[in-house]
Every structure is written in C-alpha cells, then in structure tokens.
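Quick notes on the structure that follows.
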Amino acid sequence: MASLNVGNLGEYLREQRRNAQLSLRQLADAAGVSNPYLSQIERGLRKPSAEVLQQVAKALRISAETLYVRAGILDAERDGEERRREGATRAVILADPTLNERQKQVLLQIYESFRKENGFGIGEPARDPGEGTVEEPSGGTDAPSDTGVRGTRTAGGSDAGPRRTTG
C-alpha cells in the first residue's frame, strides 16, 4: 500500500502559495478550507482528500493532477505519457481558433464519452495508443448520423454547412 508523501506535498503547496503571493488565510478562504487545516497540510501533519486537493489547486490555478501526484494519489510514471497525450488532445481542441467555445466544450464531451465507452475514465492510461482510432472516410462523403444532421456540398465541393434531414 502506497503511503501519502504529505511532507513533500506540504512543501510544494507552500511554495506554490508563495509564488501566487497569497497568505495562508487567503488561500484557505479561496479553497474553502479552514486556515488551521491548510496550515497542517503544509506542515505535513494532515493527509488531504482528493476533493480538498482539487479545491486548493483551483484556488492556486494549478493542475489538480500535479497535487494528486505529489500526494501519492496518482502514479506519475505509469500515467504520465497517456496524460500528456490526453492533455495535448485537449489543448489542441481548446486552442483551435476556428471553433467557438460551445463547439470546443461539445468536442471535449464527445472525446470523454468515447474514452469512457472504451473503458477509460478521464485521465486513465490507454492500453494501446492506436486502439479505437477512427479514420475519416476518404472523399468527405456525407454519411448519415444518428442525429439526423448531414453536411451538404456546393457545386465547387466546399461544405455548405449542416442541414436537417427528414427521417
């Protein structure tokens, strides 16, 4: 059974809090935890839950996963490569200037649902990086979908946008 390395976590939290130029009280208020409790975490006397770590990470504007690794909740070496790939996928979607915010969120939800459907939760490593890869049909044909929305093509071959199909 892996023990939590709360001393290392506490030192890291203190460093991050100081870098953010927050007092212990300010961070405790922002994270929704008590000042004494946060102080005990920083001194390595308490083992915070994943939920508390998530609140602290949000208040510090850092990755909750980083804190989970520091606390020994996640195994960094085993999960690191897949997390980088998943993070890269999310970053590409979020950085795409051709998509609006709603479209980006929908794409991320679809991505997460496919991962769950294939037996992986958010952030869980994949067994085979190529597993479940879907290639787009060549020629950009308009295959029907279960949503009843199909793309249309103009005479020049460019997309004219979605249209609702009947039946």
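Index from 1, following the sequence.
- If you take CG on L27 and CZ on R14, they are separated by 12.0 Å, rounding to the nearest 0.5 Å.
- The side-chain heavy atoms of L94 and L108, taken from C-beta on, include a pair separated by under 4.5 Å.
- L107 is not connected to Y111 by any chain of hydrophobic side-chain contacts under 4.5 Å among Ile, Leu, Val, Met, Phe, Trp and Tyr, and they are in different clusters.
- Residues satisfying the side chain to side chain donor-acceptor pair (under 3.5 Å) criterion with Q40, sequence neighbours excluded, are R46.
- The side-chain heavy atoms of Y37 and L45, taken from C-beta on, include no pair separated by under 4.5 Å.
- Contact record, A57 with A64: CB-CA, 3.5 Å, taken as the closest heavy-atom pair.
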**Request:** Assess whether side-chain contact (heavy atoms from CB on, under 4.5 Å) is satisfied between L60 and L22, documenting all intermediate values.
**Result:** CA-CA 9 Å; L60 287 170; L22 293 171; 4.2 Å; yes

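- For the atom pair CG of L67 and OH of Y12, the computed distance is 6.5 Å after rounding to the nearest 0.5 Å.
- Heavy-atom neighbours of Q54 CD from other residues, nucleotides or ligands within 6.0 Å: at or below the threshold of 12.
- Looking at R70 and E65, no side-chain N of the basic residue comes within less than 4.0 Å of a carboxylate O on the acidic one, giving no salt bridge.
- The structure places OG of S34 at 10.0 Å from CG of D29, a figure rounded to the nearest 0.5 Å.
- When all heavy atoms of A31 and A59 are compared, the closest pair comes out as N-CB, 3.9 Å.
- Taking the side chain as every heavy atom from C-beta outward, E112 and R90 approach each other to under 4.5 Å.
- Sequence neighbours left out, the pairs with a member in residues 93-110 that pass salt bridge (Lys or Arg N to Asp or Glu O under 4.0 Å) are E101-K104.
- Under the 4.5 Å side-chain criterion, counting only non-hydrogen atoms from C-beta, I41 is not in contact with L53.
- Cluster membership check: I93 does not share its hydrophobic cluster with I110, using side-chain heavy-atom separations under 4.5 Å among Ile, Leu, Val, Met, Phe, Trp and Tyr.
- A donor-acceptor pair is defined here as one N or O able to donate and one able to accept, closer than 3.5 Å; no such pair exists between the side chain of Q109 and the backbone of V106.
- Annotation for Q103 and T98: closest pair OE1-O, 4.2 Å, computed over non-hydrogen atoms.
- Between P48 and L9, the closest side-chain pair of non-hydrogen atoms falls below 4.5 Å.
- The closest side-chain heavy-atom distance from L38 to V52 is not below 4.5 Å.
- Taking 4.5 Å as the limit, some side-chain heavy atom of E42 sits within range of a side-chain heavy atom of R17.
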